[in-house]
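Quantities reported herein were computed from a predicted structural model and do not represent experimental measurements.
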Amino acid sequence: DKTNKSILVYPAGREQTEYRVADGTEIISENSFNSAYSLKYVELPDTVKTIDRAAFGFCGLERIKLNNGLETIEEDAFWDSNMKFLYIPEGVKTMGNSALSGQLLTVYLPKSLETIGEAVLGWNEGYYGATTVYVYEGSVAQEYINNYNERADVTAVLRGEFDEAHPNHDFVYTIKK
């Protein structure tokens, strides 16, 4: 847009595999990276506050560096992406319905989360989505996962702090299919 505060459209046919969003950008707009199949890595600056609905839907994204300023991940934000691991940083307060649905296997959910939509990890009829989820004891994320005991065999031991480089596997939910 003219204020340079949001990304409206990333050209789907672009061959670039990496993209660094410009500092000052606050919103990754709805469908902005949709169908960018060549794109494998995106880095967001600390100024981005919102990833809008389906912003990275149906793209080739394998990795994304989310930022410390991020507050909201809207519905279907990463729908059908190719990411296997995702670290959601502290500060994120809201995640919309099916926000992380895709090929995600491992995800870290911060203690700052206040609102989590339905099927945020892709858990819906016949599809379980993420199989390893890091959460903090007593967090909204723990409560959210506990609600899925009937659909997925969830066990948990929660201790320590999470270090993205060296995850402590003593506090992980493992979902058995």
Side-chain angles (χ1 to χ4, degrees), residues 1-124 127 129-130 133-136 139-141 144-145 162-165:
D1 72 355
K2 293 182 181 189
T3 65
N4 292 326
K5 298 216 181 237
S6 64
I7 290 182
L8 299 178
V9 177
Y10 178 89
R14 198 176 208 178
E15 305 260 338
Q16 189 174 349
T17 59
E18 294 187 4
Y19 184 74
R20 282 168 183 75
V21 173
D23 197 34
T25 303
E26 295 178 6
I27 299 170
I28 308 298
S29 299
E30 184 172 343
N31 295 313
S32 56
F33 287 87
N34 196 302
S35 300
Y37 299 116
S38 295
L39 191 62
K40 304 297 180 206
Y41 175 75
V42 172
E43 188 171 315
L44 303 181
D46 286 342
T47 55
V48 172
K49 304 248 181 271
T50 301
I51 297 175
D52 214 343
R53 185 177 188 274
F56 294 97
F58 300 104
C59 78
L61 193 64
E62 294 174 357
R63 291 182 5 221
I64 187 166
K65 182 179 185 292
L66 300 177
N67 61 65
N68 294 324
L70 188 62
E71 296 174 0
T72 303
I73 300 173
E74 295 287 354
E75 179 178 346
D76 300 328
F78 295 100
W79 184 263
D80 205 28
S81 74
N82 292 323
M83 291 185 298
K84 303 290 187 233
F85 173 83
L86 184 59
Y87 175 80
I88 308 289
E90 288 298 333
V92 173
K93 295 177 182 165
T94 303
M95 293 178 70
N97 296 343
S98 303
L100 305 180
S101 293
Q103 298 181 31
L104 198 59
L105 297 176
T106 303
V107 64
Y108 162 82
L109 297 177
K111 42 188 161 181
S112 59
L113 273 173
E114 297 171 0
T115 305
I116 303 176
E118 291 183 25
V120 77
L121 298 168
W123 294 334
N124 53 32
Y127 177 71
V133 184
Y134 293 92
V135 298
Y136 287 94
S139 67
V140 169
Y144 172 82
I145 294 196
F162 184 85
D163 173 359
E164 186 176 2

Taking every heavy atom of Ile7 against every heavy atom of Ser32, the minimum-distance pair comes out as O-CB, 3.6 Å
Partners of Lys84 by side chain to side chain contact (heavy atoms under 4.5 Å, CB included), sequence neighbours excluded?
-> Gln103, Leu105
When you measure from the side chain of Thr47 to the backbone N and O of Gly24, does any donor-acceptor pair fall under 3.5 Å?
-> yes
Hey, is the main chain of Ser112 close enough, under 3.5 Å, to the side chain of Glu90 for a donor-acceptor pair?
-> yes
Any chance you could measure [X], atom [atom1], to [Y], atom [atom2], to the nearest 0.5 Å?
| X | Y | atom1 | atom2 | result |
| --- | --- | --- | --- | --- |
| Glu114 | Lys93 | CD | NZ | 5.5 Å |
| Ser29 | Asn34 | OG | CG | 12.5 Å |
| Met95 | Tyr144 | CE | OH | 8.5 Å |

Side-chain contact test, heavy atoms from C-beta onward, threshold under 4.5 Å: evaluate it for Leu113 versus Val92 and give yes or no.
-> yes
Sorted by first residue and then second, give each salt bridge (Lys or Arg N to Asp or Glu O under 4.0 Å) pair with at least one member in residues 28-49; sequence neighbours left out.
-> Arg20-Glu43, Glu30-Arg53
Listed pairs under 3.5 Å, donor-acceptor, residues 57-71 side chains, sequence neighbours left out:
unit_1	atom_1	unit_2	atom_2	d
Asn67	OD1	Gly69	N	2.8
Asn67	OD1	Leu70	N	2.6
Asn67	ND2	Pro45	O	2.7
Asn67	ND2	Val48	O	3.4

Side chain to side chain donor-acceptor pair (under 3.5 Å) against Asp80, all qualifying residues, sequence neighbours excluded = none
Using distance only, find each side-chain donor-acceptor pair of residues 9-19 under 3.5 Å and give its atom names and separation, not counting sequence neighbours.
unit_1	atom_1	unit_2	atom_2	d
Arg14	NE	Gln16	OE1	3.3
Gln16	NE2	Glu18	O	2.5

State which residue, out of Asp52, Thr50, Leu44, Ile73, fulfils the side-chain contact (heavy atoms from CB on, under 4.5 Å) condition with Ile28.
-> Leu44
Residue set satisfying ring-ring contact (aromatic ring centres under 6.0 Å, His included) with Phe56, at least two apart, ordered chain then number -> Phe33, Phe78
